[in-house]
Number of protein chains: 4
Amino acid sequence: MTHGSLIWQTEKDCKMQTDQPEQKRQRRKDARPSEILEAGLALFAERGFAATRLEDVAKRAGIAKGTVYLYFSSKESLFEAALKDRMVSTMEGVSELTSSFTGSTEELFRLVLGRIYGQMIDGDAGVLLRILIGEGDRFPDLIALYREIALAKGMTTMKGILKRAEARGELRVPADEIDPRMIVAPIAILAIGGKIFGAQSPGDRDEFLERHLDLVLRGLLSANAGR
Amino acid sequence: MTHGSLIWQTEKDCKMQTDQPEQKRQRRKDARPSEILEAGLALFAERGFAATRLEDVAKRAGIAKGTVYLYFSSKESLFEAALKDRMVSTMEGVSELTSSFTGSTEELFRLVLGRIYGQMIDGDAGVLLRILIGEGDRFPDLIALYREIALAKGMTTMKGILKRAEARGELRVPADEIDPRMIVAPIAILAIGGKIFGAQSPGDRDEFLERHLDLVLRGLLSANAGR
Amino acid sequence: MTHGSLIWQTEKDCKMQTDQPEQKRQRRKDARPSEILEAGLALFAERGFAATRLEDVAKRAGIAKGTVYLYFSSKESLFEAALKDRMVSTMEGVSELTSSFTGSTEELFRLVLGRIYGQMIDGDAGVLLRILIGEGDRFPDLIALYREIALAKGMTTMKGILKRAEARGELRVPADEIDPRMIVAPIAILAIGGKIFGAQSPGDRDEFLERHLDLVLRGLLSANAGR
Amino acid sequence: MTHGSLIWQTEKDCKMQTDQPEQKRQRRKDARPSEILEAGLALFAERGFAATRLEDVAKRAGIAKGTVYLYFSSKESLFEAALKDRMVSTMEGVSELTSSFTGSTEELFRLVLGRIYGQMIDGDAGVLLRILIGEGDRFPDLIALYREIALAKGMTTMKGILKRAEARGELRVPADEIDPRMIVAPIAILAIGGKIFGAQSPGDRDEFLERHLDLVLRGLLSANAGR
DNA sequence: GATGAATGAGAGTTCATTCAT
DNA sequence: TATGAATGAACTCTCATTCAT
């Protein structure tokens with residue numbers, strides 16, 4: 001849930017659990033926002049937006065209810081902040097992978113999809129998507145934002161990979177005729193609907209990834225499939 | 001969603017109440033539960049569980065707030081009933097298609113996926129999923145139910161198709177090594193995250209289906225893709 | 001405090017105190033608004049707007065907290081409603097007095113000011129003014145409204161009296177040169193600042209009125225005042 | 001309100017803190033209480049007691065929230081201190097005018113009322129009244145104080161003027177039969193309810209004063225008014 | 001059965017006050 | 001002394017649920 005920004009988390013844990021173990025009335029203005037973010041993210045993921053009480057978020061962050069409002073002006077803005085925070089960190093790194101890669105398309109796919117798997121399933125990207133989806137039309141602005149930041153970037157990256165494959169003569173069909181969403185779909189399924197479609201153990205997931213890759217790359221049918 | 005016409009019928013009844021009091025009233029009484037179900041489903045889909053007010057459900061069903069409690073003991077139970085009702089009806093029909101089919105696997109896939117497309121996107125299956133997803137862990141029973149009824153059935157059907165293809169020598173890999181979820185994933189993506197991943201026009205959707213099919217059946221890479 | 005709309009109050013008291021003495025869960029949709037209005041008015045007057053808790057208003061009206069919101073959308077709108085209700089009833093009647101009067105200007109002043117005394121001091125008009133004044137710039141709309149409805153009407157009425165006096169040759173100066181506010185001012189002082197300027201016993205008030213009238217009508221100085 | 005310049009000075013100090021640390025800081029320390037008083041008074045006047053946040057008072061005084069509590073034990077005590085401070089300074093000066101005056105009563109009234117106009121409308125006396133009025137029964141001590149300090153003094157002065165006029169044979173009625181409040185009332189109206197009764201421009205005010213004087217001194221009716 | 005007025009627990013939010021620094 | 005982060009009681013407003021009619 002909270003692997004999105006491991007560095008901050010580490011920092012925070014140090015301060016909290018080592019230096020000032022059980023005190024009340026601490027002052028940690030710098031660390032607070034991300035702590036609250038984490039707490040909120042965890043609870044939003046667990047219960048959805050509406051069913052998450054700000055008091056519980058505060059409790060989980062180890063602070064009082066009112067303190068949340070020192071850093072976020074409302075429950076909604078906390079949610080927004082959590083979403084933005086994760087979107088940015090999630091979508092970074094993936095695109096960089098692509099540009100410098102020199103191996104085969106299959107290897108590149110393996111690398112990129114593997115990376116996305118991690119972000120989506122072990123990280124928080126899937127969680128956020130789930131909330132966004134579930135809250136219906138409550139957050140049209142956030143949906144728009146998500147589409148701009150996360151989707152657009154993801155699609156662009158994927159298009160890049162396909163173009164590259166096309167240039168190398170590895171594609172069966174023109175790159176333009178492939179919708180990147182279909183390639184990412186199984187991941188999204190796992191991320192969004194883990195509980196529903198079957199929350200996998202890490203081992204399962206690796207296997208799922210392999211099959212996903214194989215399916216996407218080579219398809220189901222044998223060359224001589226009777227049609 | 002699909003049975004939306006019922007609501008109109010209710011409205012009509014309202015208008016006619018003074019003209020034909022007894023008969024219409026009787027007919028409506030029998031229809032009540034499903035009318036409330038429809039209204040609930042529509043609003044849950046639109047706003048999520050928490051953000052849906054029972055008063056609005058009642059209004060949409062053309063009845064008074066208190067009347068809902070004559071048929072459902074709580075908001076939660078209405079939610080569960082609405083989802084269960086739809087789950088059962090949604091997943092029927094697909095499996096029958098398969099058993100009697102005699103053509104090629106590709107044609108069968110085209111038929112079955114097309115059918116699922118309809119159910120998921122134009123019907124309520126996607127809506128159901130969306131609601132379920134957003135409420136996190138709040139309705140574990142419903143999730144379990146969904147997995148039993150919808151997923152299990154869908155997976156079985158899909159497995160059947162794959163086995164059949166295998167028997168006909170059309171599969172590139174053993175049927176057992178294919179996870180049916182990967183085949184259905186792009187559809188689910190469209191159904192669940194229409195707003196997020198891009199709500200398609202019907203034309204778009206057909207094209208999406210074609211590409212989806214093609215991808216699944218033959219994969220991305222050309223036979224001589226450098227690896 | 002509550003003499004502004006005697007008719008409603010009477011009706012209401014009948015229903016409440018005679019017919020259904022001590023029941024909970026009553027249903028009195030028609031009487032409720034004015035009951036809540038009265039309760040609100042009383043508490044607003046006692047404590048000011050901000051310091052009045054809606055729960056106390058409810059308690060005083062003999063209902064539950066939430067019930068208030070069935071009739072008024074917010075605390076502010078309750079205040080508005082109370083203000084409007086009283087303004088209208090207060091300013092009515094005064095103007096009618098004037099039009100049909102045939103006696104001397106002094107008698108007319110005596111009549112009109114006496115009437116206003118009653119409204120302002122025994123009624124709620126003064127209370128409302130007090131709140132409006134004390135809450136500073138919180139209710140600019142209400143202040144504007146007050147000026148339109150209450151002030152404008154009052155000023156117009158007063159101007160009418162002055163014009164009438166002028167026509168009868170009773171005025172020492174042209175009617176246009178007299179600011180009606182100065183005539184009403186002592187009353188307003190008493191109404192607004194009863195506690196501060198000295199809350200009078202009814203006897204005091206009558207005497208105050210007499211002196212006020214005498215002062216206004218004939219002034220302080222004797223005809224031969226050395227200047 | 002009148003001492004507003006102090007606040008600017010404070011701001012300047014803030015800027016200079018690094019340049020001339022010790023001296024300025026010292027000077028500020030002594031000025032603190034009255035700076036806070038000013039800031040409080042200004043905001044209480046603007047918004048009323050409840051709607052004024054201590055944080056804003058601090059900000060306006062150029063200090064931090066917590067610092068207020070070094071000088072005042074609570075919001076209420078700040079409020080009381082602010083009002084007391086001003087009451088004392090406001091009512092001084094008027095009484096001295098009277099004792100040494102040798103001209104006609106009309107001229108004396110003109111002088112005294114003019115002075116009070118200034119205090120009430122341009123100074124803080126009206127503000128104080130306004131605040132006190134709005135808070136209903138919340139500060140009985142302050143109301144008592146106000147009556148003692150401000151009202152009593154004002155009334156005494158006014159009585160002195162009337163007695164003097166009586167001795168000079170200029171009064172139409174015995175001085176004892178005139179309530180000084182009626183003479184001051186129009187001023188209070190303007191001071192308290194500027195927004196409500198019409199906030200005047202300085203020109204308006206002078207004219208209002210003239211008419212006020214004329215009305216009070218000579219009354220409305222002509223000598224031969226039909227009665 | 002049907003209604004909708006009434007309820008009251010509960011949530012988000014504010015802000016006077018405290019206190020570690 | 002001065003600060004401002006932290007607190008938590010208190011408040012407004014919502015809405016699932018009840019029940020007299």
Side-chain angles (χ1 to χ4, degrees), chain A residues 20 23-32 50-58 61-78, chain B residues 25-26 28-29 32 50-59 62-78, chain C residues 20 23-32 50-58 62-78, chain D residues 17 25-26 28-29 32 50-59 62-78:
Chain A
Q20 315 174 8
Q23 272 174 312
K24 278 188 179 183
R25 278 277 157 90
Q26 311 155 40
R27 350 185 88 218
R28 304 223 313 297
K29 201 183 181 201
D30 43 343
R32 278 285 140 77
T52 296
R53 297 184 308 139
L54 227 30
E55 181 151 25
D56 290 339
V57 173
I63 57 176
K65 196 170 27 154
T67 307
V68 175
Y69 287 87
L70 294 178
Y71 302 97
F72 302 95
S73 63
S74 69
K75 188 183 180 184
E76 206 161 318
S77 87
L78 169 62
Chain B
R25 173 169 288 233
Q26 194 52 41
R28 189 163 71 181
K29 191 154 45 182
R32 276 285 148 76
T52 295
R53 296 184 306 146
L54 228 34
E55 180 151 23
D56 290 339
V57 174
K59 199 174 294 168
I63 57 176
K65 200 174 12 162
T67 307
V68 174
Y69 285 87
L70 295 176
Y71 300 97
F72 302 95
S73 64
S74 70
K75 189 183 179 185
E76 280 205 8
S77 85
L78 168 62
Chain C
Q20 316 175 9
Q23 271 175 314
K24 278 189 181 181
R25 275 282 159 87
Q26 311 155 40
R27 351 186 88 218
R28 304 223 314 294
K29 200 181 183 202
D30 44 344
R32 277 286 140 75
T52 296
R53 297 185 307 139
L54 227 30
E55 182 152 23
D56 290 340
V57 173
I63 57 176
K65 197 174 21 161
T67 307
V68 175
Y69 287 88
L70 294 178
Y71 301 96
F72 302 95
S73 63
S74 70
K75 188 184 178 182
E76 206 161 318
S77 86
L78 169 61
Chain D
Q17 262 185 352
R25 174 169 289 232
Q26 193 52 41
R28 188 164 71 183
K29 191 155 43 183
R32 276 287 146 76
T52 295
R53 296 184 307 145
L54 229 33
E55 180 151 23
D56 291 339
V57 174
K59 199 174 294 166
I63 57 175
K65 200 174 12 165
T67 307
V68 174
Y69 285 87
L70 295 176
Y71 300 98
F72 303 95
S73 65
S74 70
K75 191 185 179 184
E76 281 205 8
S77 84
L78 168 61

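In what follows, chains carry the letters A, B, and so on, assigned in the order in which the sequence lines appear, proteins first and then strands, with residues in each chain numbered from 1. Only this structure's heavy atoms are used, side chains among them; waters, hydrogens and symmetry mates stay out.
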Student: Whole angstrom is fine here: how far is it from NZ in D:Lys59 over to C1' in F:dT3?
Tutor: 15 Å
Student: If the sugar-phosphate is the primed atoms plus P, OP1 and OP2 and the base is the rest, what is the B/S/- string for nucleotides 9-15 of chain E, using protein heavy atoms under 4.0 Å?
Tutor: BBSSBBS
Student: Kindly write out the residues that satisfy side chain to side chain contact (heavy atoms under 4.5 Å, CB included) with D:Ala50, not counting sequence neighbours, or none if the list is empty.
Tutor: C:Ala50
Student: Mind checking the NZ-OG1 spacing from A:Lys65 to A:Thr67? Nearest 0.5 Å is all I need.
Tutor: 11.0 Å
Student: If I take atom OH in residue C:Tyr71 and atom C1' in nucleotide E:dA6, what distance separates them, rounded to the nearest angstrom?
Tutor: 8 Å
Student: Dot-bracket for DNA chain F: what is it, with Watson-Crick or G-U pairs under 3.5 Å, [ ] where a pair crosses earlier ones, and | for a pair to another strand?
Tutor: .||||||||||||||||||||
Student: Check side chain to side chain contact (heavy atoms under 4.5 Å, CB included) between B:Lys75 and all other residues, then give those that pass, not counting sequence neighbours.
Tutor: B:Phe44, B:Phe49, B:Leu54
Student: Nearest-nucleotide wise, let me know which of D:Leu70 and A:Val68 is further upstream toward the 5' end of DNA chain F.
Tutor: D:Leu70
Student: Output yes when at least one side-chain N/O atom of C:Arg32 is less than 4.0 Å from OP1 or OP2 of E:dA6, else no.
Tutor: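 Yes, C:Arg32 has a side-chain N/O under 4.0 Å of OP1/OP2 on E:dA6.
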Student: Under the side chain to side chain contact (heavy atoms under 4.5 Å, CB included) test, which residues partner A:Ser77, sequence neighbours left out?
Tutor: A:Phe72, A:Ser73, A:Ser74
